[in-house]
Every structure is written in structure tokens, then in C-alpha cells.
2 protein chains.
Amino acid sequence: MPELPFTLDQLRILKAIAEQGSFKKAADLLFVTQPAVSLQIQNLEKQLNITIFDRGGRKALLTEAGQILLEYCQRILNQCDEACKAVEDLNSLKGGTLIIGASQTTGTYLMPRMIGLFRQKYPDVSVQLQVHSTRRTGWSVANGQIDLAIIGGQLPSELENLLQIAPYATDELALVLPSKHRLSKEKELAKEDLYTLNFVTLDSQSTTRKVVDELLRNSGIEIQRLKIEMELNSLEAIKNAVQSGLGAAFLPVVSIERELASGTIHKPLMIDLGVKRELKLITNPSRYTSKASEAFKRDILPQFSSFKTI
Amino acid sequence: MPELPFTLDQLRILKAIAEQGSFKKAADLLFVTQPAVSLQIQNLEKQLNITIFDRGGRKALLTEAGQILLEYCQRILNQCDEACKAVEDLNSLKGGTLIIGASQTTGTYLMPRMIGLFRQKYPDVSVQLQVHSTRRTGWSVANGQIDLAIIGGQLPSELENLLQIAPYATDELALVLPSKHRLSKEKELAKEDLYTLNFVTLDSQSTTRKVVDELLRNSGIEIQRLKIEMELNSLEAIKNAVQSGLGAAFLPVVSIERELASGTIHKPLMIDLGVKRELKLITNPSRYTSKASEAFKRDILPQFSSFKTI
DNA sequence: ATTTTTGATTAACAATTATTTATAATTTAT
DNA sequence: ATAAATTATAAATAATTGTTAATCAAAAAT
């Protein structure tokens with residue numbers, strides 16, 4: 001290896017001698033014997049072809065070359081200390097960045113609360129939330145651009161082997177009605193009742209809509225028999241439409257928590273309807289897991305998986 | 001020794017891998033085997049308790065911690081390179097400072113020419129000239145505040161053992177006359193002629209004057225018989241007085257070179273007058289000799305000692 | 001002035017650490 | 001699937017570094 005003309009230990013010794021004014025005291029400070037100090041300085045002087053200290057007098061004094069070297073030495077050692085601190089901060093979660101991926105719905109309604117909790121616990125870790133399609137999110141995790149993600153959809157099969165996919169929570173898609181809808185008075189609805197309703201749905205292009213349709217089909221609902229009153233392009237718009245009495249909708253429970261609590265939207269009981277999908281936590285097992293990512297999985301995810309929503 | 005969490009070699013390896021994107025290529029670049037690189041990075045990761053590279057993929061990619069560390073790493077290695085360069089410059093006399101001591105006369109008339117020559121040869125070495133009494137100059141050399149000095153006077157005896165004192169040149173104190181003085185026509189003067197002259201001398205307080213008197217006494221001149229016309233406080237003032245025809249004077253030859261050449265001052269031959277003193281080069285043998293100081297002694301002093309003046 | 005003490009160097013030895021060689025495990029490319 | 005390439009691991013060797021002990025030099029104290 002094309003050798004460097006000095007080592008950090010040598011610089012540390014140099015600094016100690018300069019501060020203490022003596023080889024002996026420097027040795028004591030560094031908990032080594034005094035010959036070790038002498039030897040290292042001799043090596044340093046040999047390697048750099050300079051004299052660093054004028055010894056002999058009662059004090060070890062720096063030569064001009066020594067003074068010049070000391071200045072660099074101090075800068076270098078300071079940088080080293082800073083580097084250590086930065087790494088320690090990273091380890092103790094006093095720094096660093098956590099990048100989380102999510103789908104539209106989780107990203108809008110669930111992740112903000114999780115991230116809020118996380119940042120409350122680790123205020124020095126900055127968090128980025130990237131809301132993308134399941135597909136793109138999956139690739140981002142594979143590439144390491146995202147530390148972890150929660151997805152609902154199906155990943156491309158190539159990714160299924162590459163990624164660690166863990167069931168995380170159950171996403172319930174709830175039928176909701178305007179509060180003053182005639183059926184809101186009923187104690188429980190049956191599947192057949194659905195066909196009497198007018199629906200407000202997501203844009204038929206959207207992937208989420210496709211997932212919703214798929215889930216409904218799997219629950220034994222003939223979607224072509226459902227009457228679509230309106231197609232909108234955001235959950236918020238749909239919520240507003242429902243609240244205005246324009247029709248019924250299937251919405252993730254998390255997205256309407258506030259409205260259910262305040263009674264502006266009604267969620268009737270439907271015993272025989274299990275419109276659910278598994279939400280999965282995906283991570284990349286072949287990649288380094290940051291401390292922040294570990295902390296998120298350990299401290300934040302469990303609290304929300306008990307929700308069993310979205 | 002309270003250990004540092006990393007070595008410069010480890011940082012160098014880290015940087016090489018980051019640049020090359022591969023452990024293997026980094027190993028080739030550094031002329032070591034690949035396991036050496038692997039092990040060093042493993043040690044580094046262990047010591048800092050972080051993962052630095054995501055390996056396994058086609059490329060060794062930096063983790064977040066790795067990126068942070070790399071930044072410090074680059075700064076540190078840059079400082080190291082700079083330190084090396086600074087030291088090399090010092091060795092090759094492309095930097096550094098030379099501090100020279102001198103007495104009033106040498107400092108005024110001789111050293112400026114020497115220093116001019118030195119700086120012509122080593123333009124990047126800055127030179128300081130400190131003009132002080134012999135006594136103070138001697139102590140400065142002893143302390144290492146001055147690299148070398150040329151003195152004419154006698155050093156305090158305590159210093160004579162401490163310092164290296166080498167005869168350097170002979171200082172001739174010449175009798176000079178106004179060019180149109182009656183005695184300027186004579187081919188050669190005798191001691192007795194001196195008592196017919198009016199002298200312009202240095203202030204009787206000054207140490208230099210005392211040295212001059214001492215030298216004259218040693219040459220067998222009865223100074224109390226010399227007529228003192230005027231006492232001035234600088235050699236330049238005396239020179240001007242002589243040129244103006246106000247009287248004769250004893251002056252160091254170097255201080256009147258220009259005037260002798262242009263004929264505005266006359267220096268008569270005096271066979272039996274040997275008003276000389278040894279100029280000595282003093283250095284501190286127990287102290288480190290800088291490259292600049294070596295170069296000055298080697299390259300500059302010899303040229304001027306042939307002058308046999310001052 | 002001589003002794004005592006303190007600090008620095010030198011040399012031999014012990015211990016640690018790094019490097020190499022050889023090999024295995026993975027991964028990418030053909 | 002096989003070949004080529006990259007990284008990891010293990011054992012042996014080489015190199016470095018620190019320690020102790022002995023020596024030397026200088027300063028302080030008697």
C-alpha cells in the first residue's frame with residue numbers, strides 16, 4: 001500500500017506532547033510508556049524528514065516544521081472527532097434520515113400519524129414519506145431508495161423473492177352512507193341492499209379503484225350491478241360527496257375516522273361482507289437496515305397494527 | 001492508548017471503494033490484496049458499529065452512515081495531503097521562515113545584501129532580520145528565537161559554552177577622509193598623522209563607539225589625543241559629515257563601499273594600522289537547524305566571507 | 001562538586017495487527 | 001447452467017507497535 005507518511009496515533013502523540021511540553025507527560029496522558037512516545041515521534045520525523053521537537057531543554061519545544069504540522073494535526077483530529085460524533089448520533093438516532101414508502105391511502109391517512117409519533121420519539125431523525133404506486137414503491141425498496149414501505153397491492157413477482165414481505169395489518173374497506181340516508185337507520189345491511197344504492201367511486205383508471213373492485217368481486221359482489229352515480233379522483237372528494245348525500249361509497253376506515261366519530265358519515269353493519277386486504281410491510285433483507293428503520297419497526301409499527309384498519 | 005475508532009488507512013480504503021465502486025478495484029488501486037480491503041472495512045464497521053457498504057449487488061454502495069463518514073473521510077485525507085505538502089515545501093525551501101540576528105552595522109550594511117541574495121535563490125522562504133545588541137542577539141540564539149546571527153562584540157561568558165561560535169570574517173575599521181582633504185593626496189599615512197585630524201565619531205554612549213575605541217586602543221592609538229570635532233548618532237550621519245569635509249572618521253568598510261567607488265570619500269593607506277575585529281557566526285548547536293538556516297550558511301555566507309570586510 | 005532524580009533514547013522481546021495465500025460462497029454474464 | 005468475477009472466510013506469515021530493561025544526558029538537590 002502506498003504508505004501515508006503518518007498515522008493518526010502519531011498525530012495524537014504529537015498533539016499531546018505539544019500540549020504537555022514533555023514526552024513523559026504525553027505518555028502518561030495517553031496511557032503508554034514513554035519510549036513508545038519517543039519511538040513514534042522518531043518515526044514521524046523520519047518519515048517526514050523533518051525535526052519536530054527540540055528536546056534537551058527542560059521542555060520539548062516545537063520547531064517551525066513542528067508548528068506547521070501541529071496546525072494540520074489539530075484540524076485533522078478535530079475532523080476525526082466530529083466524524084465519530086456524527087456516527088454516534090446516527091447510532092443513537094440523534095441524526096439520520098428515514099425514508100418510508102406508502103400507497104396513496106396509507107400515505108394520506110395512516111403514515112402521517114405514524115411519522116408524527118416517530119418524530120415525537122426521535123425528533124432528530126428526519127423522515128421522508130414517498131407516496132407512489134405499489135409497483136414503484138416495491139422497486140424503490142429493492143434499490144434501497146426507501147427503507148421500508150407499507151403496501152396493499154400485489155408486487156411484481158420478480159420482487160417477491162427479493163423483498164421481505166410481512167403481513168402487517170388488515171385493511172377494511174367499509175361501506176359508508178350519508179348519515180341521513182334511509183338505510184342508515186337499519187341495524188344491519190345485506191349484500192342485496194348494495195344494489196339499491198348509488199355509488200360514488202374513484203376514477204376507473206386508478207389502481208386503487210381496481211384493487212377495490214377486485215376486493216368487492218372476491219367478496220361475492222357483482223360490481224357490474226352496482227350503480228355508479230359519480231367518479232371522483234380523490235378519497236377526500238368522495239368523502240365530501242357522501243357527506244353531501246350524493247351517494248354511498250367504499251372507503252378505507254382510517255380515512256373516515258373523524259367523520260364517523262362526528263356522525264357526518266354512517267357506517268352500517270354488514271355481517272356478510274369481508275372487504276379486506278392484507279397490508280404488507282416490505283423491506284429489503286439484502287440491504288443494510290438503518291437504526292432509524294429498526295426503531296420505526298420496533299417502536300411505531302406495533303402500535304398501529306393493533307388498529308387493524310386501512 | 002485510548003484508541004481511535006479508525007485509522008487513516010481505513011479511511012483511505014473507504015474512499016477508494018467509494019470511488020471505484022468495488023472492493024476489488026480499490027484493492028488494485030492501493031496495491032493490496034482484496035481480503036485486506038475486506039478485513040479493514042469489516043474492522044471499521046465493527047469499531048464504529050455501523051454498516052458502511054451494501055455489498056452483494058454488482059456495486060458496493062454506501063449506506064447513509066457510509067456517506068456521512070465518507071464526507072469526513074475526504075476532508076481528513078485532504079488535510080493530510082496538505083500537511084504533507086506543507087512539510088515538503090519546508091524541506092525544499094518553498095516555505096518557512098529564517099530569522100537572522102545582527103548588530104547595527106552588519107544589520108545595516110551587510111545583511112541586507114546577504115538577504116537579498118538569499119531571497120533571490122529561495123524566494124519562498126521569508127526572512128526576518130533582527131538588529132540588536134550582541135548580548136541580546138546571543139540570548140535570542142540561545143532561546144531559539146533567532147536561527148543564526150553574525151556578531152562582532154564579546155558574548156557574555158555564560159553563552160560562550162552554550163553557543164557555537166565560528167569566526168566568519170574580519171571587520172576592518174577604516175580611516176576615511178574627505179576627498180579634498182589635504183592628507184588625501186598623501187600616498188600613505190602614519191599613526192602620528194591621526195593626531196592632526198578632526199574626528200567625527202559615534203555618540204560616546206553607544207556600544208559600537210566603545211568597541212571602536214577599544215579596537216583603536218589595541219592598535220596602539222592614544223584615543224585621548226584624537227580631536228573629536230563632532231559626535232553623531234548614526235553611521236550615515238557620520239558619512240555625510242565626512243563627505244561635507246567636516247572631518248575624518250573610522251568607519252566599517254562595508255558601510256562606505258559606494259562612497260569609495262564614487263570617490264566622495266577617501267580611504268588612505270595606513271600600513272601600521274590594523275583596526276580589525278573578528279566577526280563571528282553564532283548558532284545554537286542544541287537546537288534544530290532549519291533547512292532555510294542550513295541553506296543560508298551553505299549558499300550565502302561563503303560568498304560574503306571572501307569580502308573580509310565589516 | 002557530587003549525588004540524586006527526572007526525562008529521553010536504545011535494544012531486545014512480546015503481543016498485537018495486518019497481509020497474503022488459499023478457499024468458499026455469491027452473483028452476474030454468457 | 002456454466003463460467004467468470006466479486007466478496008467473505010480461515011490459516012499462516014509478516015510487520016508493526018508497545019513493553020521492559022538498560023543506558024545516557026541533563027537538571028535539581030544535597
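Values below: every heavy atom of this structure, side chains too, minus hydrogens, waters and symmetry copies. In the text below, chain A, chain B and the rest are named by the order of the sequence lines, each starting its count at 1. Since the structure is predicted, the reported quantities are computational estimates derived from the model, not experimental observations.
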Requested in this report: Scan for salt bridge (Lys or Arg N to Asp or Glu O under 4.0 Å) pairs involving residues 40-53 of chain A, sequence neighbours excluded, and state none if there are none.
Outcome: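 Found A:Glu45-A:Arg55.
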
What pairs with [X] under salt bridge (Lys or Arg N to Asp or Glu O under 4.0 Å), at least two apart in sequence or on another chain?
X        : result
A:Lys24  : A:Asp28
B:Asp124 : none
A:Glu294 : none
A:Asp89  : none

Query raised in the report: Which angle, rounded to 10°, do you find between the first-five-pair axis and the last-five-pair axis of the helix from C:dA1-D:dT30 to C:dT30-D:dA1?
Result: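 Rounded value for the end-axis angle: 30°.
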
Requested in this report: For C:dA18, take OP1 and OP2 only and decide whether either is under 4.0 Å from a side-chain N or O of B:Asn43.
Outcome: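 Answer yes for this pair, as a side-chain N or O of B:Asn43 is under 4.0 Å from OP1 or OP2.
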
Query raised in the report: Taking OP1 and OP2 of C:dT21, is either one under 4.0 Å from a side-chain nitrogen or oxygen of B:Thr33?
Result: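 For C:dT21, OP1/OP2 do not have a side-chain N/O of B:Thr33 under 4.0 Å.
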
Query raised in the report: Tell me the ring pair (Phe, Tyr, Trp, His ring centres under 6.0 Å) pairs involving residues 74-99 of chain B, sequence neighbours left out?
Result: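 Listed once each, the pairs would be none.
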
Report task. Give every residue pair that meets the ring pair (Phe, Tyr, Trp, His ring centres under 6.0 Å) criterion with at least one member in residues 23-52 of chain A, sequence neighbours excluded. Result ->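 As it turns out, the ring pair (Phe, Tyr, Trp, His ring centres under 6.0 Å) pairs with a partner in residues 23-52 of chain A, which skip direct neighbours, are A:Phe23-A:Phe53.
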
Requested in this report: With sequence neighbours left out, write down each residue that passes side-chain hydrogen bond (donor to acceptor under 3.5 Å, both in side chains) with A:Gln67, or none if nothing qualifies.
Outcome: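 Expected list: none.
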
Query raised in the report: Of the candidate nucleotides D:dT17, C:dT19, D:dT19, which contains the atom at the shortest distance from the side chain of B:Gln40?
Result: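 When the side chain of B:Gln40 is considered, C:dT19 is the closest of D:dT17, C:dT19, D:dT19.
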
Requested in this report: Name the closest nucleotide to the B:Ala36 side chain, picking from C:dT20, D:dT17, D:dT6.
Outcome: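 Out of C:dT20, D:dT17, D:dT6, the nucleotide with an atom closest to B:Ala36's side chain is C:dT20.
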
**Report entry** DNA chain C-proximal residues of residues 23-31 of chain A, any heavy atom under 4.0 Å
**Finding:**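 The answer is A:Phe23, A:Lys24.
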
Query raised in the report: Checking side chain to side chain contact (heavy atoms under 4.5 Å, CB included) against B:Tyr288, which of A:Leu61, A:Asp54, A:Ile52 comes through?
Result: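 By the side chain to side chain contact (heavy atoms under 4.5 Å, CB included) criterion, B:Tyr288 pairs with just one of A:Leu61, A:Asp54, A:Ile52: A:Asp54.
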
Query raised in the report: In whole angstroms, how far is the C1' atom of C:dA18 from the CZ atom of B:Phe6?
Result: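 Distance, rounded to whole Å: 19 Å.
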
Report task. Can you measure from OH (B:Tyr72) to CG (A:Asp81) and round to the nearest 0.5 angstrom? Result ->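 These two atoms lie 10.5 Å from each other.
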
What nitrogen or oxygen pairs link the protein and nucleotides 9-11 of chain D at under 3.5 Å?
{"unit_1": "D:dT9", "atom_1": "OP2", "unit_2": "B:Gln42", "atom_2": "NE2", "d": "3.2"}

Query raised in the report: So what does A:Asp9 hit on the nucleic acid, given a heavy-atom distance under 4.0 Å: a base, only sugar-phosphate, or nothing?
Result: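 If one applies the 4.0 Å heavy-atom cut-off, A:Asp9 turns out to touch nothing in the nucleic acid.
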
Report all side-chain donor-acceptor pairs from residues 9-21 of chain B shorter than 3.5 Å, counting only partners two or more places apart or in another chain.
{"unit_1": "B:Gln10", "atom_1": "OE1", "unit_2": "B:Thr7", "atom_2": "N", "d": "3.0"}
{"unit_1": "B:Gln10", "atom_1": "NE2", "unit_2": "B:Gln40", "atom_2": "OE1", "d": "3.1"}
{"unit_1": "B:Arg12", "atom_1": "NH1", "unit_2": "A:Pro2", "atom_2": "O", "d": "3.2"}
{"unit_1": "B:Arg12", "atom_1": "NH2", "unit_2": "A:Pro2", "atom_2": "O", "d": "2.8"}

